[in-house]
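A quick note: this is a predicted structure, and the numbers were derived from the prediction, not measured.
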Amino acid sequence: IVKNHTFFTFNFEGFRERRTSQGFAIYPTQRMRDGDLTEPNFRNPVSAAGALIPIRDLTTNQPFPDNRIPASRIARQARGFYPYWPQPNSGAAAFDGTNNYSGSSRNALNDDQTFVRIDHQIGANNKLFGRYGNQEVADDAFPVNPHPYFVARNPRHQQNAILNWTRIFSPTLLGEVKTAYNRDVFKRVDDVSGTEFNIARDLGIPGQTNNPTDTGLPGLGITGVSGLGNTDINTIWDESRLVAGSLIWTRRGHTFKFGSEFTHLRLDRRTVNFVKGNFQFTGAHSGVGLPAAQQGRLAWADFLLDQPGQVRTGLSVVPGFDSGSYPRAREWRWHSYFTDDWKITPKLTMNYGLRYEYNSVWQDIRGGSRNINIFQGALFPEAGVKGDLHDPEYDNFAPRVGFAWRPFGGNKTVVRLGYGVFYNINMANNIVPTLALNPPFSQNINELNAAGNIRIRMATADQAQA
């Protein structure tokens, strides 16, 4: 930009990838949605001529006449899911439990990276250097089910910036100051997130999340039919800020180096846990008393009648926290050092120094993380309250010394000897998510209905008990 003073570099890289693969699914036919369970799948053996597998009506303890569930008995909750299954488009005309839908799944990946760098010489003794990097990734998955609610997106945004000043104070004294910033934000969302979809209003399932960010279809598993459900929303936010300075001073065979740096770390996570609910249907109720293989083919009947075998919902016991893990962890670090390269003789050089590292205790500023005191057998701090997550350490002194000896002069033979103490800082990504899983966070309710005995349904999911 300015001859012999200012230099500028810009780089952009864009990557595009599209992948498509054929996929298959098993979706309910219109007759099944109408309560007519007389197609081959509901017969033994599986054929149009097979005998009907009787559907037990738990209210009368008698089979439904002609294996048809009256429209008045089909649960509102079951009907609410109908629009999210497409109609079959392949395979046998009558439902026989094999693939009856053919479609494609697609993945679209966009990765854009931008890099900018500026070097500027200020006179003979000062130099400025700046750099900024930016990466934006859009990784989208379109499943076989064509309903737009099930499009899963994994956006990622990474940023890195640094500014560095170098100053020559004299022929024997050099100084440097720098500041840096790093941020990485990763999300997992789907296209129902942020909409007006409401689980209680649109599906008739009470007690689940009403947060627009987390809304979506509950997990739905039905033996013999392709299930439904939306991805649990996830956000990862990592951030660091750094300020550092150093001096290099050369004097009478010594090269002294002094330096110090301050770093602030931020780690935020948001991972929900069963806040939409999860319901599993196996046929154990409609097929009570039948062999397991035949029970499984009546799972659709259990679904129509709202007779789940298993119900899982989130459990929130801390005000302001839904079921899941929500750490907002903070830490700062101050590290300083001194070293000296001392050329004792032309053949012998000694290096010695001392480094001190102070790492503050991790704190969760929202109180969403807890640790355990193994001596007291108790968790700390109080749930939902900001507090230290471990004891501090003030004695991280790291001395080091080394020698380099050239017994014959030159560089062909060098004998080296060294000793040092080093501290390995635990990976925050290993600590923070783990502590956020401690009770009472990230808990859920898991209820099982014994065969023929329905205690909890989709319609009464708000009554699930831990």
- Full working for side-chain hydrogen bond (donor to acceptor under 3.5 Å, both in side chains) between Asp96 and Asn41: CA-CA 4 Å; Asp96 61 2; Asn41 180 72; over 6 Å; no
Going by atom types alone, do [X] and [Y] pair a side-chain donor with an acceptor below 3.5 Å?
| X | Y | result |
| --- | --- | --- |
| Arg188 | Thr231 | no |
| Asn211 | Thr209 | no |
| Thr29 | Glu39 | yes |
| Asn160 | Arg131 | yes |
| Gln158 | Asn134 | no |
| Ser260 | Ser336 | yes |
| Glu357 | Asn359 | no |

Does [X] reach the main-chain N or O of [Y] with its side chain, forming a donor-acceptor pair under 3.5 Å?
| X | Y | value |
| --- | --- | --- |
| Asp302 | Ala284 | yes |
| Thr460 | Arg457 | yes |
| Thr179 | Leu242 | yes |

- Counterpart residues, side chain to side chain contact (heavy atoms under 4.5 Å, CB included), relative to Arg328 (two or more places apart): Asp268, Arg330, Asp364, Ile365, Arg366
Any [X] side-chain heavy atom under 4.5 Å of [Y] side chain:
| X | Y | answer |
| --- | --- | --- |
| Asp202 | Glu196 | no |
| Arg370 | Ile372 | no |
| Asp34 | Ile69 | no |
| Ile26 | Tyr101 | no |
| Thr215 | Asn198 | no |
| Leu228 | Asn145 | yes |
| Phe24 | Val144 | no |
| Gln307 | Leu58 | yes |

- Message: Could you walk me through whether Thr271 and Asn234 satisfy the side-chain hydrogen bond (donor to acceptor under 3.5 Å, both in side chains) test, starting with their C-alpha distance in whole Å, then the side-chain angles of each, then the deciding distance to 0.1 Å, before giving a yes or no?
- Response: CA-CA 5 Å; Thr271 305; Asn234 181 28; 2.8 Å; yes
- If you draw a 6.0 Å radius around CH2 in Trp334, do more than 12 non-hydrogen atoms from other residues or ligands fall strictly inside? no
- Message: How about CD on Glu382, more than 12 heavy atoms from neighbouring residues, nucleotides or ligands closer than 6.0 Å, or not?
- Response: no
- Audit row: Thr282, Thr223, side-chain hydrogen bond (donor to acceptor under 3.5 Å, both in side chains) steps and yes/no: CA-CA 5 Å; Thr282 64; Thr223 304; 5.6 Å; no
Any residue meeting salt bridge (charged side-chain N to carboxylate O under 4.0 Å, His left out) with [X], in chain and number order, not counting sequence neighbours:
| X | answer |
| --- | --- |
| Asp238 | Arg269 |
| Glu17 | Arg19 |
| Arg106 | none |
| Glu239 | Arg241, Arg266 |

Of the non-hydrogen atoms in [X] and [Y], which two are nearest, and what is the gap between them?
| X | Y | result |
| --- | --- | --- |
| Pro433 | Ala428 | CD-O, 3.8 Å |
| Pro439 | Leu379 | O-CD1, 3.6 Å |
| Asn230 | Leu217 | OD1-N, 2.7 Å |
| Asn449 | Asn453 | CB-O, 3.6 Å |

- Message: With rounding to the nearest 0.5 angstrom, report the CD to CD1 distance, Gln376 to Ile374.
- Response: 11.0 Å
- Distance from Tyr27 atom OH to Asn89 atom CG, nearest 0.5 Å? 9.5 Å
- Item | Under the side chain to side chain donor-acceptor pair (under 3.5 Å) test, residues paired with Arg201 that sit two or more places apart | none
- Query: With a 4.0 Å cut-off, would you call Arg73 and Asp57 a salt bridge?
  - Reply: yes
- Item | Basic-acidic side-chain contact under 4.0 Å: Glu447, Arg455 | yes
- Task: If a pair satisfies salt bridge (Lys or Arg N to Asp or Glu O under 4.0 Å) and one of its residues is in residues 220-233, list it, with sequence neighbours excluded.
- Result: Asp232-Lys276
- Query: Which pairs with one or both residues in residues 146-159 pass salt bridge (Lys or Arg N to Asp or Glu O under 4.0 Å), sequence neighbours excluded?
  - Reply: Asp140-Arg153, Arg153-Asp191, Arg156-Asp184
Tabulate below the donor-acceptor pairs under 3.5 Å that side-chain atoms of residues 385-399 make, not counting sequence neighbours, or state none.
from: Asp388; atom 1: OD1; to: Gln363; atom 2: NE2; distance (Å): 2.6
from: His390; atom 1: NE2; to: Trp362; atom 2: N; distance (Å): 3.0

- Query: What do the steps show when you test Glu176 against Lys178 for salt bridge (charged side-chain N to carboxylate O under 4.0 Å, His left out), and what is the final call?
  - Reply: CA-CA 7 Å; Glu176 183 182 66; Lys178 66 179 178 180; 5.5 Å; no
- Apply salt bridge (charged side-chain N to carboxylate O under 4.0 Å, His left out) to the pair Arg270 and Asp214, showing each step before the final yes or no. CA-CA 11 Å; Arg270 186 181 188 279; Asp214 300 323; 2.8 Å; yes
- Message: Pair Val311, Thr313 - check side chain to side chain contact (heavy atoms under 4.5 Å, CB included), show working.
- Response: CA-CA 7 Å; Val311 173; Thr313 65; 4.1 Å; yes
- Can you tell me which residue pairs pass the ring pair (Phe, Tyr, Trp, His ring centres under 6.0 Å) test with a partner in residues 437-459, sequence neighbours excluded? Phe321-Phe441
- Message: Tell me which pairs pass ring pair (Phe, Tyr, Trp, His ring centres under 6.0 Å) where either residue lies in residues 206-227, with sequence neighbours left out.
- Response: none
- Run the side-chain hydrogen bond (donor to acceptor under 3.5 Å, both in side chains) check on Gln159 and Asn182 step by step: do they pass? CA-CA 6 Å; Gln159 293 174 288; Asn182 291 277; over 6 Å; no
- Query: Residues in ring-ring contact (aromatic ring centres under 6.0 Å, His included) with Phe142, at least two apart?
  - Reply: none
- Message: Angle between ring planes, Tyr82 versus Trp85, binned at 30° and 60°: parallel, tilted or perpendicular?
- Response: tilted
- Task: Kindly determine whether Met458 and Phe303 satisfy side chain to side chain contact (heavy atoms under 4.5 Å, CB included), including the steps that lead there.
- Result: CA-CA 10 Å; Met458 291 188 289; Phe303 169 66; 4.2 Å; yes
